[in-house]
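Below, each value reflects all heavy atoms present in this structure, side chains not excepted, and no hydrogens, waters or symmetry copies.
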Amino acid sequence: VKVLQQELSSLHLLLEQASSDRDKQVQQLTSERDKLSEEKTRLCEQKARIEEHMESLKVETSSLTRKENVAILEAQVTSLRKDLEGRQEQLERSHTHLVELQNKYDVCPKPEVVERFGVEFSHLRAELKETKEAVSKRDKEVRSLQSNL
């Protein structure tokens, strides 16, 4: 009975911890995914603004000489390339982080596993109850026999 109680208690703790850990990881992964999605949206909006700005610069430079236009455009291209490289590095880091989070999520116990532990836990609890009742009945019978002797 004590062994079954210990097993039942141990399984119950494992079940609660696995469920709690999984819930925490799911919340954390969801939060990280949302942050990355917001960051992607922000970067896309920033890219659109840069492209708009580039178009406006093309119109503004129409009155300059061809040589001046080329120098200005070369400077803008250099600046934009550096900015783009920085954003690409940031996007790669975000993607790597997202992959790491997905891998952590994949390691989490699946709901079916948690449910299976719950079912096993219920069966063990019922078995323990039956065993306790049987032991209690035998104890009563023993006391009855002892009192008859």
Notebook entry, point to check: Glu120: what forms a side-chain hydrogen bond (donor to acceptor under 3.5 Å, both in side chains) with it, not counting sequence neighbours?
Noted result: Arg116

Notebook entry, point to check: Any side-chain heavy-atom pair from Arg33 and Leu101 closer than 4.5 angstrom?
Noted result: no

Check: For the atom pair CD (Gln88) and CG (Asp83), what is the distance rounded to the nearest 0.5 Å?
Finding: 10.0 Å

Check: Apart from Val119 itself, what residues make up its hydrophobic cluster, given side-chain heavy atom links below 4.5 Å?
Finding: none

Notebook entry, point to check: Just wondering, are more than 12 heavy atoms of other shown residues or ligands nearer than 6.0 Å to CZ in Phe117?
Noted result: no

Margin query: Checking Val26 now: which residues fulfil side chain to side chain contact (heavy atoms under 4.5 Å, CB included) with it, not counting sequence neighbours?
Written below: Arg22, Thr30, Tyr105

Taking distance alone, no hydrogens or angles, what donor-acceptor pairs closer than 3.5 Å link side-chain atoms of residues 137-149 to residues at least two apart or in another chain?
from, atom 1, to, atom 2, distance (Å)
Ser147, OG, Arg143, O, 3.3
Ser147, OG, Ser144, O, 2.8
Asn148, ND2, Ser144, O, 3.3

Could you list the donor-acceptor pairs under 3.5 angstrom formed between side-chain atoms of residues 38-48 and any protein atom two or more places apart in sequence or on another chain?
from, atom 1, to, atom 2, distance (Å)
Glu39, OE1, Arg42, NE, 3.3
Glu39, OE1, Arg42, NH2, 3.3
Glu39, OE2, Arg42, NH2, 2.5
Glu39, OE2, Gln90, NE2, 2.7
Thr41, OG1, Ser37, O, 3.0
Arg42, NH1, Gln46, OE1, 3.3
Gln46, OE1, Arg87, NH1, 2.4
Gln46, OE1, Arg87, NH2, 3.1

Next item on the list: Determine which pairs satisfy side-chain hydrogen bond (donor to acceptor under 3.5 Å, both in side chains) with at least one residue from residues 95-104, sequence neighbours left out, and list them in order.
Entry: Glu32-His97, Gln102-Asp106

Note to self: Determine whether His123 and Glu127 satisfy the following criterion, side chain to side chain contact (heavy atoms under 4.5 Å, CB included), listing intermediate values before the conclusion.
What the structure shows: CA-CA 6 Å; His123 287 278; Glu127 187 179 327; over 6 Å; no

Next item on the list: Nearest 0.5 Å please: distance from the CZ atom of Arg49 over to the CD atom of Glu52.
Entry: 9.0 Å

Margin query: I need the Gln25 CD to Ser20 OG distance, nearest 0.5 Å.
Written below: 10.0 Å

Item checked: Residue pairs involving residues 127-149 (criterion ring-ring contact (aromatic ring centres under 6.0 Å, His included); sequence neighbours excluded) -> none

Could you list the donor-acceptor pairs under 3.5 angstrom formed between side-chain atoms of residues 7-17 and any protein atom two or more places apart in sequence or on another chain?
from, atom 1, to, atom 2, distance (Å)
His12, NE2, Glu16, OE2, 2.3

Next item on the list: Begin with the C-alpha distance, continue with both residues' side-chain angles, and end with the deciding distance and a verdict on side chain to side chain contact (heavy atoms under 4.5 Å, CB included) for Arg93 and Glu89.
Entry: CA-CA 6 Å; Arg93 283 192 306 270; Glu89 289 172 4; 3.8 Å; yes

Check: Ignoring hydrogens and geometry, is there a side-chain-to-backbone donor-acceptor pair from Thr78 to Glu74 under 3.5 Å?
Finding: yes

Next item on the list: Sequence neighbours left out, what passes side chain to side chain contact (heavy atoms under 4.5 Å, CB included) with Lys132? Give chain and number order.
Entry: Val1, Gln5, Leu128

Note to self: Quick test of your reading: applying ring-ring contact (aromatic ring centres under 6.0 Å, His included), list the pairs with at least one residue in residues 13-48, sequence neighbours left out, ordered by first then second residue.
What the structure shows: none

